[in-house]
S.K.: 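Dropping a structure here in structure tokens format, bear with me for questions.
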Amino acid sequence: MGQYDHDGKRKVLPLLPLRGITVFPYMVVHFDVGREKSIAALEKAMVEDQYIFLVTQKDEKVDMPHQEDIYNVGTISKIKQLLKLPGDTIRVLVEGISRAEIKSITKDEPYFEADLAEREGVVDIEQDQQTLLEKEALMRSVMDIFEEYVKLNNRISSDIITSIISIDDPGQLADIIVASMFIKNQHKQQILEAFDPMKRLEILYEILQREIEILKIEDKINARVRSQIDKVQKEYYLKEQLKAIREELGDKDGIIEEAEEYKNNISKAGLPKEVKEKALKETERLIKMPDGSSEASVIRTYLDWILALPWNQETEDNLDLKNVEKTLNQDHYGLHKVKERIIEYLAVRQLTNTMKGPILCLVGPPGVGKTSIARSIARSLNRKFVHMSLGGVKDEAEIRGHRRTYIGAMPGRIIHSMRQAHAKNPVFLFDEIDKMTYDFRGDPASAMLEVLDPEQNNSFRDHYLDLPFDLSKVLFLTTANNVDTIPAPLRDRMEVIYINGYTDEEKVQIAKRYLIPKQIKEHGLKTKSIAMSDNTVKDIINLYTREAGVRNLEREIAKICRKSARRIVDEKVQSIRVNSRNLEKYLGIPRYRYGKVEEKDEIGVVTGLAWTPVGGDTLSIEVNVMKGSGKLELTGQLGDVMKESAKAALTYIRSKSEDLNIKDDFYKERDIHIHVPEGAIPKDGPSAGITMATAIVSALTDIPVKKDVAMTGEITLRGRILPIGGLKEKVLAAYRAGIKVIIIPEQNKRHLKDIDQNVKRNVNFITASSMDEVLEHALNRGVK
Ligand code: ADP
């Protein structure tokens with residue numbers, strides 16, 4: 001500024017209107033110039049002494065300003081550098097020199113030119129002591145307040161404080177401070193127009209104060225807004241951080257990724273709305289769980305369950321009943337009536353086109369093919385098959401599951417089975433529905449009722465899932481050994497089909513056609529590798545099994561296959577012939593004697609017939625009479641009803657003692673002991689009445705009982721004979737045991753038509769209505 005001596009000298013200079021900035025003395029600044037008129041002013045300055053007058057436009061938006069559009073006070077500046085930029089723009093670097101006021105515009109084309117009066121230093125007069133102190137105080141105040149401003153305003157570097165500390169000129173201090181501030185141009189202009197340095201500081205002080213106020217309020221608002229945003233974002237950031245930490249720790253499949261995968265699978269699974277919503281909610285919960293926490297694994301298990309269940313998968317039914325018939329015949333020998341009933345049942349279902357209606361219940365002893373028929377039904381309908389045993393189920397939770405709040409809770413067995421089925425319309429077999437019990441933990445039968453009820457089972461609620469599952473498309477079947485022990489409300493919903501035991505001949509056929517080929521195949525043998533005659537099979541049946549069905553028979557056959565397989569591998573034999581002579585080599589010592597018939601006629605020993613849920617059985621009743629005081633003793637697992645009928649038998653004998661040739665006071669000096677040996681299965685029921693009576697009479701009269709006679713019938717006090725149940729099973733058992741004569745109650749005669757022809761050919765049936773008839777046929781009077 002050497003050429004200027006700050007005396008308010010007049011000077012004519014080209015004028016450049018500034019947009020949006022104010023240039024102060026001491027300030028080095030650059031700006032871009034694009035307007036033609038401004039470029040012309042620059043050019044003029046450059047050809048002269050590079051001085052130019054810079055003055056701010058009142059409204060920066062005005063493109064072609066006139067005198068009234070610009071302020072009156074600006075800064076005379078020196079151009080330091082010009083740089084041509086692409087386009088017609090020039091970047092100018094200038095240094096502010098001194099304030100000046102426009103006296104007049106001397107020219108406005110092709111650029112503005114103004115006559116100026118310099119204003120720098122005009123008040124620079126002698127100052128007294130007082131003024132100097134005031135100046136000092138004002139400067140300090142401004143510095144202090146500026147420092148506070150810098151602290152609050154993070155857009156200004158705090159370096160500026162150090163650079164202004166050494167300034168002792170109040171005007172310069174104000175100029176440098178204001179130049180560094182981010183404030184409106186009007187305010188900057190105010191400072192520029194304050195020619196008196198002290199005045200300038202005062203105005204600056206006010207401006208700073210205002211700015212600080214504004215900054216403080218801004219801060220408050222920011223803090224408030226930030227805390228709102230923070231809440232939303234905090235979680236996100238934390239999750240991101242967590243993810244990062246997990247990745248850092250090498251946990252590649254982090255919980256977040258896992259949750260994403262769950263979400264994906266859930267949306268792909270096509271779940272019912274309620275299920276989907278619940279699953280997504282659980283997924284959200286999973287994200288919040290610390291990995292490895294037990295809660296997280298509870299949620300995982302739950303989600304896995306939801307995803308694994310067949311909410312809407314279905315198999316297509318094969319509705320061709322001919323095909324059903326074919327399949328049932330393929331899989332099972334005989335059972336014509338059973339097969340017929342099943343086909344009728346399915347036909348009705350098809351016509352009514354619902355799963356409503358009674359539930360089929362296959363009733364019969366073990367091993368007669370109930371389960372395998374159910375499996376065949378599934379196969380023939382092209383449905384999946386699942387199977388659940390209710391034997392021993394006494395807790396409702398086994399069926400319906402535990403609530404998830406229980407530790408280690410799981411869905412109930414129904415849902416377990418549905419998961420296995422992979423389809424919502426399987427054939428679902430409940431085995432042993434007669435073996436359910438109940439205790440304090442709730443009644444499983446009532447849960448079963450809900451499962452089997454077509455009105456309710458479209459939204460079956462398992463405690464664990466806590467979501468409705470649709471069971472209405474399931475074809476339920478049940479099996480039982482004994483109809484009587486099925487809980488009554490369930491029984492009412494059932495259509496019962498009885499499957500009786502097989503005769504030996506039927507068993508031979510089943511073995512030949514089904515069991516042997518099946519076992520040979522399962523043991524990896526060739527069809528021709530084992531040869532077995534019908535008689536051998538019969539021996540297996542008689543010496544190694546005693547059952548209504550064929551389960552043990554199949555087991556024995558499997559044993560033969562196992563041993564044969566070993567011989568074929570070890571000894572390199574081609575094929576094996578199993579016959580009656582070498583049977584023991586494969587199956588060990590026979591477990592049963594051939595038939596149960598006694599070796600010879602015995603006194604006090606009678607063969608009775610019993611019905612048990614596992615099929616008919618023979619039971620040999622023994623009576624011994626000894627000296628004593630008239631006690632009646634009963635041993636061998638006898639039920640109450642059987643004890644009652646023993647007493648009834650005795651009463652009858654006492655009343656008829658004369659006719660029977662027994663001393664009429666026999667009961668006073670003798671004890672009678674009745675025993676039923678081989679009592680693994682508890683025996684009860686009234687049907688052993690005539691058997692016990694016969695045994696007692698034989699023991700008291702010393703007349704032996706014919707060894708090949710068996711009998712069944714209830715006795716009254718007067719010696720009449722009442723009908724009994726389970727005749728078919730009993731007869732089969734007697735036949736298996738080699739009995740030749742069976743005495744049955746007269747009133748059971750009509751049931752003989754159901755007895756297998758083969759049995760009728762080999763067994764002589766005698767019907768009796770009174771005890772006299774029974775004794776007549778049973779006692780071998782010829783001996784005595
Ligand atoms: P349950 O369910 O009545 O106890 P299973 O269905 O388990 O009896 O039958 C036992 C075995 O006997 C199965 O291998 C089954 O295929 C076979 N079986 C039973 N009855 C017959 C039959 N009539 N024809 C062919 N195989 C049969």
Side-chain angles (χ1 to χ4, degrees), residues 324-343 359-380 385-392 417 427-436 476-483 485-486 494 496-523 532 534 537 540-541 544-562 611-617 681 726 728-729 732-733 736 756 758:
V324 175
E325 191 176 355
K326 207 177 100 200
T327 312
L328 287 176
N329 281 331
Q330 255 170 23
D331 294 350
H332 296 92
Y333 174 81
L335 302 173
H336 301 295
K337 274 195 186 153
V338 174
K339 291 172 185 165
E340 228 171 79
R341 285 284 301 278
I342 289 171
I343 290 166
I359 308 282
L360 263 197
C361 181
L362 303 168
V363 177
V368 291
K370 299 183 296 294
T371 314
S372 75
I373 281 181
R375 190 170 270 127
S376 265
I377 294 176
R379 191 164 83 92
S380 65
F385 179 75
V386 283
H387 157 214
M388 158 179 173
S389 175
L390 291 168
S417 299
V427 168
F428 197 135
L429 179 71
F430 288 111
D431 245 344
E432 308 194 297
I433 196 153
D434 54 335
K435 300 275 165 44
M436 268 187 306
F476 288 108
L477 301 176
T478 58
T479 78
N481 292 141
N482 184 2
V483 203
T485 48
I486 302 176
M494 310 265 173
V496 173
I497 297 183
Y498 290 98
I499 307 183
N500 296 295
Y502 299 110
T503 60
D504 287 1
E505 287 70 28
E506 284 172 319
K507 287 185 186 175
V508 171
Q509 293 305 320
I510 293 172
K512 259 173 54 176
R513 298 180 196 204
Y514 298 92
L515 306 180
I516 298 175
K518 186 167 131 198
Q519 289 303 326
I520 285 184
K521 199 167 152 214
E522 274 177 23
H523 285 80
M532 226 187 286
D534 286 7
V537 177
I540 303 175
I541 294 168
Y544 295 90
T545 73
R546 231 177 110 194
E547 58 178 350
V550 293
R551 190 170 290 170
N552 291 325
L553 175 58
E554 186 169 21
R555 220 169 275 155
E556 297 301 326
I557 291 168
K559 206 160 157 190
I560 292 177
C561 292
R562 221 163 42 234
W611 180 91
T612 72
V614 297
D617 201 358
I681 315 156
K728 235 173 132 179
E729 293 296 333
L732 279 173
R736 274 197 295 277
D756 191 271
N758 223 335

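In listed order, ligands and their atoms are each counted from 1.
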S.K.: Test your reading of the model: is there a side-chain donor-acceptor pair from Glu547 to the backbone of Leu553, 3.5 Å cut-off?
M.R.: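 Here the side-chain-to-backbone pair exists.
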S.K.: What atoms of ligand 1 come within less than 4.0 Å of a heavy atom belonging to Ile510?
M.R.: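 The atoms of ligand 1 under 4.0 Å from a heavy atom of Ile510 are 22 (C), 23 (N), 24 (N), 25 (C), 26 (N), 27 (C).
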S.K.: So does Ile540 get a backbone contact from the side chain of Glu556, meaning a donor-acceptor N/O pair under 3.5 Å?
M.R.: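 Not confirmed, Glu556 side chain does not pair with Ile540 backbone.
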S.K.: Which atoms from ligand 1 have a heavy atom of Ser372 less than 4.0 Å away?
M.R.: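 Near Ser372, meaning under 4.0 Å from one of its heavy atoms, ligand 1 has 6 (O), 15 (C), 16 (O).
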S.K.: Could you tell me whether ligand 1 has any atom less than 4.0 Å away from a heavy atom of Arg375?
M.R.: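 No, Arg375 has no heavy atom closer than 4.0 Å to ligand 1.
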S.K.: If you define the side chain from C-beta out and look only at heavy atoms, does anything of Val368 sit under 4.5 Å from Val550?
M.R.: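 Heavy-atom side-chain distance check fails, nothing below 4.5 Å.
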S.K.: With only distance considered, is Asp431 within less than 3.5 Å of ligand 1 through an N or O on each side?
M.R.: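 Between Asp431 and ligand 1, no N or O pair is found under 3.5 Å apart.
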S.K.: Contact between Thr479 and ligand 1, counting heavy atoms under 4.0 Å?
M.R.: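 Not so, Thr479 does not reach ligand 1.
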S.K.: Do any nitrogen or oxygen atoms of Val368 come within less than 3.5 Å of a nitrogen or oxygen of ligand 1?
M.R.: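 Right, the criterion is met.
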S.K.: Can you find a non-hydrogen atom of Ile499 under 4.0 Å from ligand 1?
M.R.: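 Per 4.0 Å heavy-atom rule, Ile499 does not contact ligand 1.
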S.K.: Check whether any side-chain heavy atom of Val363 lies under 4.5 Å from a side-chain heavy atom of Asp434, and answer yes or no.
M.R.: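 The answer is no; the side chains never approach within 4.5 Å.
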S.K.: Under 4.0 Å from a heavy atom of Glu554: which atoms of ligand 1 are those, numbered in the order shown and with their elements?
M.R.: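 Every atom of ligand 1 under 4.0 Å from some heavy atom of Glu554: 11 (C), 12 (O), 13 (C), 14 (O).
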S.K.: If only atom types and distance count, is the side chain of Arg546 paired as donor or acceptor with the main-chain N or O of Ile541 below 3.5 Å?
M.R.: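 Flag not set: sc Arg546 to bb Ile541 has no pair under 3.5 Å.
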S.K.: Could you pull out, from Pro366, Gly334, Gly369, the option with a heavy atom nearest to atom 19 (C) of ligand 1?
M.R.: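 Selected option, by shortest heavy-atom distance: Gly369.
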S.K.: Does Glu506 use its side chain to pair, donor to acceptor, with the backbone of Thr503 at less than 3.5 Å?
M.R.: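 Answer holds: yes.
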S.K.: Measure the CE-CD1 distance between Met494 and Ile486 for me, rounded to the nearest 0.5 Å.
M.R.: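 Reported value, rounded in 0.5 Å steps: 5.5 Å.
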S.K.: Please could you name the atoms of ligand 1 that Arg551 approaches to less than 4.0 Å, counting only its heavy atoms?
M.R.: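 Listed by number with element, the hits are 1 (P), 2 (O), 4 (O), 7 (O), 8 (O).
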S.K.: Let me see the working for Asp331 and Arg379 under salt bridge (Lys or Arg N to Asp or Glu O under 4.0 Å), right down to the final yes or no.
M.R.: CA-CA 10 Å; Asp331 294 350; Arg379 191 164 83 92; 3.0 Å; yes
S.K.: Tell me which part of Thr371 gets within contact of ligand 1: side chain, backbone, both or neither, using heavy atoms under 4.0 Å.
M.R.: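 Both backbone and side chain.
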S.K.: Pairs of nitrogen or oxygen atoms closer than 3.5 Å, one from Tyr333 and one from ligand 1: do any exist?
M.R.: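 For ligand 1, there is an N or O atom that lies under 3.5 Å from one belonging to Tyr333.
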S.K.: Regarding atom 14 (O) of ligand 1: of the candidates Lys518, Glu506, Lys339, which has the closest heavy atom?
M.R.: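 Looking at heavy atoms only, the winner is Lys518.
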S.K.: Going by the atom numbers of ligand 1, which of them fall below 4.0 Å from some non-hydrogen atom of Val550?
M.R.: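 Checking each atom against Val550, I get 12 (O), 17 (C), 18 (N), 19 (C).
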S.K.: Considering the heavy atoms of Tyr502, write down every atom of ligand 1 situated less than 4.0 Å from one of them.
M.R.: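 Counting atoms of ligand 1 from 1, those under 4.0 Å from Tyr502 are 20 (N), 21 (C), 22 (C), 23 (N).
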S.K.: Polar contacts were defined as any N/O atom of the residue lying under 3.5 Å from an N/O atom of the ligand; does this apply to Lys370 and ligand 1?
M.R.: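 Yes.
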S.K.: Evaluate the ring planes of Phe428 and Phe476, with Trp represented by its six-membered ring, and classify them as parallel (under 30°), tilted (30 to 60°) or perpendicular (over 60°).
M.R.: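 Taking Phe476 first and then Phe428, their aromatic rings sit tilted (interplane angle of 30° to 60°).
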S.K.: Mind running salt bridge (Lys or Arg N to Asp or Glu O under 4.0 Å) on Asp534 and Lys512 for me, showing each step along the way?
M.R.: CA-CA 8 Å; Asp534 286 7; Lys512 259 173 54 176; 3.4 Å; yes
